[in-house]
Visitor: 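One structure, pasted below without further comment.
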Amino acid sequence: LKTAPFKLIIAGAPASGKGTQCELIKLKYGVIHLSTGDMLRAAVAAGSEVGKRAKDFMDAGKLVPDEVIIGAVKERLAAPDCVESGWLLDGFPRTPAQAKALADAGIFADCFIFLNVPDDILVERVVGRRTDPVTGKIYHMKFNIPKDKEILARLTQRSDDTEEKIKVRLEQFHSNVASVRGRYADIDIEVDGTKTPEEVSGMIAKSIDAMIFARHCRRHPS
Ligand code: AP5
């Protein structure tokens with residue numbers, strides 16, 4: 001099935017598994033993974049203007065102001081690698097203003113993947129999450145412990161991954177999710193994110209393939 005580069009959005013609550021699934025989706029569909037959380041953490045670490053404006057909001061578990069992130073995302077999506085290979089937006093759009101900014105710029109996605117995970121499960125995922133600073137790979141101290149002792153010893157924990165901060169992050173998520181999702185009702189794919197990562201990625205791939213096939217049939221009726 002010949003088709004244009006894929007344009008995908010993945011959404012879900014904090015720690016619902018977006019980053020974990022993005023690793024698998026980008027391998028299967030060859031898209032460029034753009035995580036606004038990763039972009040902002042890199043900006044903070046580099047001490048850039050965006051990083052300086054974002055830092056206090058991120059430390060508090062709050063969303064950074066729309067005007068700080070919208071320009072950076074639009075610029076990144078226009079870069080040659082994204083135009084050629086397609087993209088997978090992770091953590092954006094997260095507010096109605098961000099979704100409107102994409103539409104106003106003529107940027108549309110093929111699928112909006114929503115990972116559904118209840119809040120009580122998210123807290124356990126957040127406090128146990130660790131990241132390998134060398135490879136960027138995501139682990140969990142209960143669900144996905146690295147076998148290599150060297151990797152285990154160098155794992156780091158995000159400063160916003162505490163029980164206190166996850167409450168604020170969940171509030172921000174719940175106050176925006178319905179209006180953002182509403183904009184993508186025609187391309188929405190809801191997946192049960194409580195299953196194992198492999199089961200979740202299987203369900204995502206099946207849904208993306210079905211949606212892409214349906215789009216192909218609409219464009220090439222025979
Ligand atoms: P961001 O980095 O986007 O954080 P988030 O949305 O809170 O999402 P997470 O990265 O916490 O989780 P995830 O869904 O990727 O889960 P993961 O795969 O790691 O944003 C951070 C901050 O940046 C925001 O608070 C805000 O300040 C700012 N920001 C970012 N984007 C913004 C925007 N657009 N506008 C404004 N501000 C913005 O999984 C979590 C854990 O669970 C891992 O340990 C993993 O191993 C485990 N796990 C994953 N899947 C499973 C499974 N199926 N079963 C069991 N365990 C699993």
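Predicted model, so just to flag it, every value in this text is computed and none were measured. The figures here come from the full heavy-atom set of this structure, side chains too, leaving out hydrogens, waters and symmetry mates. When a ligand or atom number is given, it counts from 1 through the structure's own listing order.
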Visitor: Please indicate whether any nitrogen or oxygen in G17 is less than 3.5 Å from any nitrogen or oxygen in ligand 1.
Guide: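 Right, the criterion is met.
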
Visitor: Below 4.0 angstrom from a heavy atom of F92, which ligand 1 atoms are there? Numbered from 1 as shown, please.
Guide: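 It comes down to these atoms of ligand 1: 34 (N).
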
Visitor: Between the side chains of D38 and H33, is a donor N or O closer than 3.5 angstrom to an acceptor N or O?
Guide: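 No, H33 and D38 have no side-chain donor paired with an acceptor closer than 3.5 Å.
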
Visitor: Side-chain contact, heavy-atom cut-off 4.5 Å: M58 with K55?
Guide: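 The answer is no, as the side chains (C-beta and beyond) never meet within the 4.5 Å cut-off.
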
Visitor: Check whether any side-chain heavy atom of I187 lies under 4.5 Å from a side-chain heavy atom of M211, and answer yes or no.
Guide: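 The answer is yes; the side chains approach within 4.5 Å.
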
Visitor: Is it true that L170 and V126 fall in one hydrophobic cluster, defined by side-chain heavy atoms closer than 4.5 Å?
Guide: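 Same cluster: L170 reaches V126 through Ile, Leu, Val, Met, Phe, Trp or Tyr contacts under 4.5 Å.
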
Visitor: Considering only heavy atoms, does Q98 approach ligand 1 within less than 4.0 Å through its side chain, its backbone, both, or neither?
Guide: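 Looking at Q98 and ligand 1, just side chain atoms fall under 4.0 Å.
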
Visitor: Can R94 and V180 be said to form a side-chain contact (heavy atoms from CB on, under 4.5 Å), step by step?
Guide: CA-CA 7 Å; R94 237 166 160 116; V180 172; 5.7 Å; no

Visitor: Suppose I only count heavy atoms of T196 and a 4.0 Å limit; which atoms of ligand 1 are within that range?
Guide: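 Once the distances to T196 are compared, the set is 53 (N).
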
Visitor: Hey, looking at atom 49 (C) of ligand 1, which of V68, V126, I70, T20 has the closest heavy atom?
Guide: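 The option holding the nearest heavy atom is T20.
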
Visitor: Just how far is it from atom CG of D148 to atom CG of D132, taken to the nearest 0.5 Å?
Guide: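 Reported to 0.5 Å precision, the distance equals 9.0 Å.
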
Visitor: Is the CD atom of E67 crowded by more than 12 outside heavy atoms at less than 6.0 Å?
Guide: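 More than 12 heavy atoms, drawn from other residues, nucleotides or ligands, come within 6.0 Å of this atom.
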
Visitor: Is there a polar contact between ligand 1 and R130, counting only N or O atoms under 3.5 Å apart?
Guide: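 No, since none of the N or O atoms of R130 sits under 3.5 Å from an N or O of ligand 1.
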
Visitor: Does S16 reach ligand 1, in the sense of a heavy atom lying below 4.0 Å from it?
Guide: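 Yes.
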
Visitor: To the nearest 0.5 Å, what is the distance between OG1 on T95 and CG on D66?
Guide: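 One gets 3.5 Å once the value is rounded to the nearest 0.5 Å.
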
Visitor: How does F173 reach ligand 1, if at all, at less than 4.0 Å between non-hydrogen atoms: by side chain, backbone, both, or neither?
Guide: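 None of F173 does.
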
Visitor: With a 4.5 Å cut-off on side-chain heavy atoms, are E23 and K26 touching?
Guide: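 They are in side-chain contact.
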
Visitor: So is G19 polar-close to ligand 1, meaning N/O to N/O under 3.5 Å?
Guide: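 Yes: some nitrogen or oxygen of G19 is under 3.5 Å from one in ligand 1.
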
Visitor: Quick one: does R158 get a heavy atom under 4.0 Å from ligand 1?
Guide: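 In this structure, R158 qualifies as a contact of ligand 1 - some heavy atom is under 4.0 Å.
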
Visitor: Give me the nearest non-hydrogen protein atom to atom 24 (C) of ligand 1 as residue plus atom name, then the distance to 0.1 Å.
Guide: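 For atom 24 (C) of ligand 1, the nearest protein heavy atom comes out as R94 NH2, 4.1 Å.
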
Visitor: Give me the nearest non-hydrogen protein atom to atom 7 (O) of ligand 1 as residue plus atom name, then the distance to 0.1 Å.
Guide: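 Sorting protein heavy atoms by distance from atom 7 (O) of ligand 1 puts R169 NH2, 2.7 Å first.
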
Visitor: Between Q21 and ligand 1, which part of the residue brings a heavy atom under 4.0 Å of the ligand: side chain, backbone, both or neither?
Guide: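 Looking at Q21 and ligand 1, no heavy atom falls under 4.0 Å.
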
Visitor: Are the side chains of I113 and S207 in touch, meaning some heavy atoms are under 4.5 Å apart?
Guide: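 They are not in contact (no side-chain heavy atoms under 4.5 Å apart), so the answer is no.
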
Visitor: Any N/O of S35 closer than 3.5 Å to an N/O of ligand 1?
Guide: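 Among all N and O atoms of S35, none is under 3.5 Å from an N or O of ligand 1.
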
Visitor: What protein heavy atom sits nearest atom 42 (O) of ligand 1, and how far away is it?
Guide: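 Nearest protein contact, heavy atoms only, for atom 42 (O) of ligand 1 is R125 CD, 3.4 Å.
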
Visitor: Just need the protein heavy atom nearest to atom 13 (P) of ligand 1, so name the residue and atom and give the distance.
Guide: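 Looking at atom 13 (P) of ligand 1, the protein heavy atom closest to it is K18 N, 3.5 Å.
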
Visitor: Could you identify the single nearest non-hydrogen protein atom to atom 27 (O) of ligand 1 and state the distance to 0.1 Å?
Guide: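 Closest protein heavy atom to atom 27 (O) of ligand 1: K62 O, 2.6 Å.
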
Visitor: Taking the side chain as everything from C-beta on, heavy atoms only, tell me whether V44 gets closer than 4.5 Å to D59.
Guide: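 No; the side chains remain at least 4.5 Å from each other.
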
Visitor: Answer with yes or no whether P197 contacts ligand 1, where contact means a heavy atom under 4.0 Å from a ligand atom.
Guide: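 Distance cut 4.0 Å: P197 passes for ligand 1.
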
Visitor: Report yes if some heavy atom in the side chain of T36 is under 4.5 Å from a heavy atom in the side chain of V73; otherwise report no.
Guide: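 SC-SC contact between T36 and V73 confirmed.
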
Visitor: Which residue owns the protein heavy atom closest to atom 37 (N) of ligand 1, what's the atom, and how far is it?
Guide: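 For this ligand atom, the closest protein heavy atom is V64 N, 3.0 Å.
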
Visitor: Using 30° and 60° as the class boundaries, would you call the ring planes of F173 and F114 parallel, tilted or perpendicular?
Guide: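 Parallel: the ring planes of F173 and F114 meet at under 30°.
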
Visitor: Tell me whether E199 reaches ligand 1 (any heavy atom closer than 4.0 angstrom to a ligand atom).
Guide: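 No, that is not the case, since the closest heavy atom of the residue is not under 4.0 Å from the ligand.
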
Visitor: Counting heavy atoms only, which part of D38 comes closer than 4.0 Å to ligand 1: side chain, backbone, both or neither?
Guide: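 For D38, no heavy atom sits under 4.0 Å from ligand 1.
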
Visitor: For residues Y29 and I212, determine if any side-chain heavy atom of one lies less than 4.5 Å from a side-chain heavy atom of the other.
Guide: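 No, too far: nothing below the 4.5 Å cut-off.
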
Visitor: Show which atoms of ligand 1 fall inside a sub-4.0 Å distance from at least one heavy-atom site of Y139.
Guide: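 Counting atoms of ligand 1 from 1, those under 4.0 Å from Y139 are 43 (C), 44 (O), 46 (O).
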
Visitor: Working to the nearest 0.5 Å, report the span between CG of L88 and CG of L34.
Guide: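 If we round to the nearest 0.5 Å, L88:CG and L34:CG are 7.5 Å apart.
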
Visitor: Output side-chain donor-acceptor pairs under 3.5 Å for residues 137-144, partner residues at least two apart or in another chain, one line each.
Guide:
residue	atom	partner	partner atom	Å
H140	ND1	K142	N	3.0
H140	ND1	F143	N	3.2
H140	NE2	E124	O	3.1
H140	NE2	R125	O	3.4
K142	NZ	E124	OE2	2.7

Visitor: Looking at R41, which atoms of ligand 1 are within less than 4.0 Å of one of its heavy atoms?
Guide: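 It comes down to these atoms of ligand 1: 2 (O), 21 (C).
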
Visitor: What protein heavy atom sits nearest atom 53 (N) of ligand 1, and how far away is it?
Guide: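 That would be K195 O, 2.8 Å.
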
Visitor: Is the shortest N/O to N/O distance between A15 and ligand 1 below 3.5 Å?
Guide: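 N/O-N/O distance below 3.5 Å exists for this pair.
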
Visitor: Could you tell me whether some N/O pair between T36 and ligand 1 is separated by less than 3.5 angstrom?
Guide: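 The answer is yes, given that T36 and ligand 1 share an N or O pair closer than 3.5 Å.
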
Visitor: Using the rule side-chain contact (heavy atoms from CB on, under 4.5 Å), only one of V191, L122, D192 pairs with V117; which is it?
Guide: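 For V117, the side-chain contact (heavy atoms from CB on, under 4.5 Å) check succeeds only for L122.
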
Visitor: Please write down residue, atom name and distance for the protein heavy atom closest to atom 23 (O) of ligand 1.
Guide: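 Going atom by atom, the protein heavy atom closest to atom 23 (O) of ligand 1 ends up being M58 CE, 3.4 Å.
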
Visitor: From atom 34 (N) of ligand 1, work out which of P14, G91, G193 has a heavy atom at the shortest distance.
Guide: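 Closest candidate by heavy-atom distance is G91.
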
Visitor: Under 4.0 Å from ligand 1, counting heavy atoms only, is it the side chain of L40, its backbone, both or neither?
Guide: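 It is the side chain that touches ligand 1; the backbone stays farther off.
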
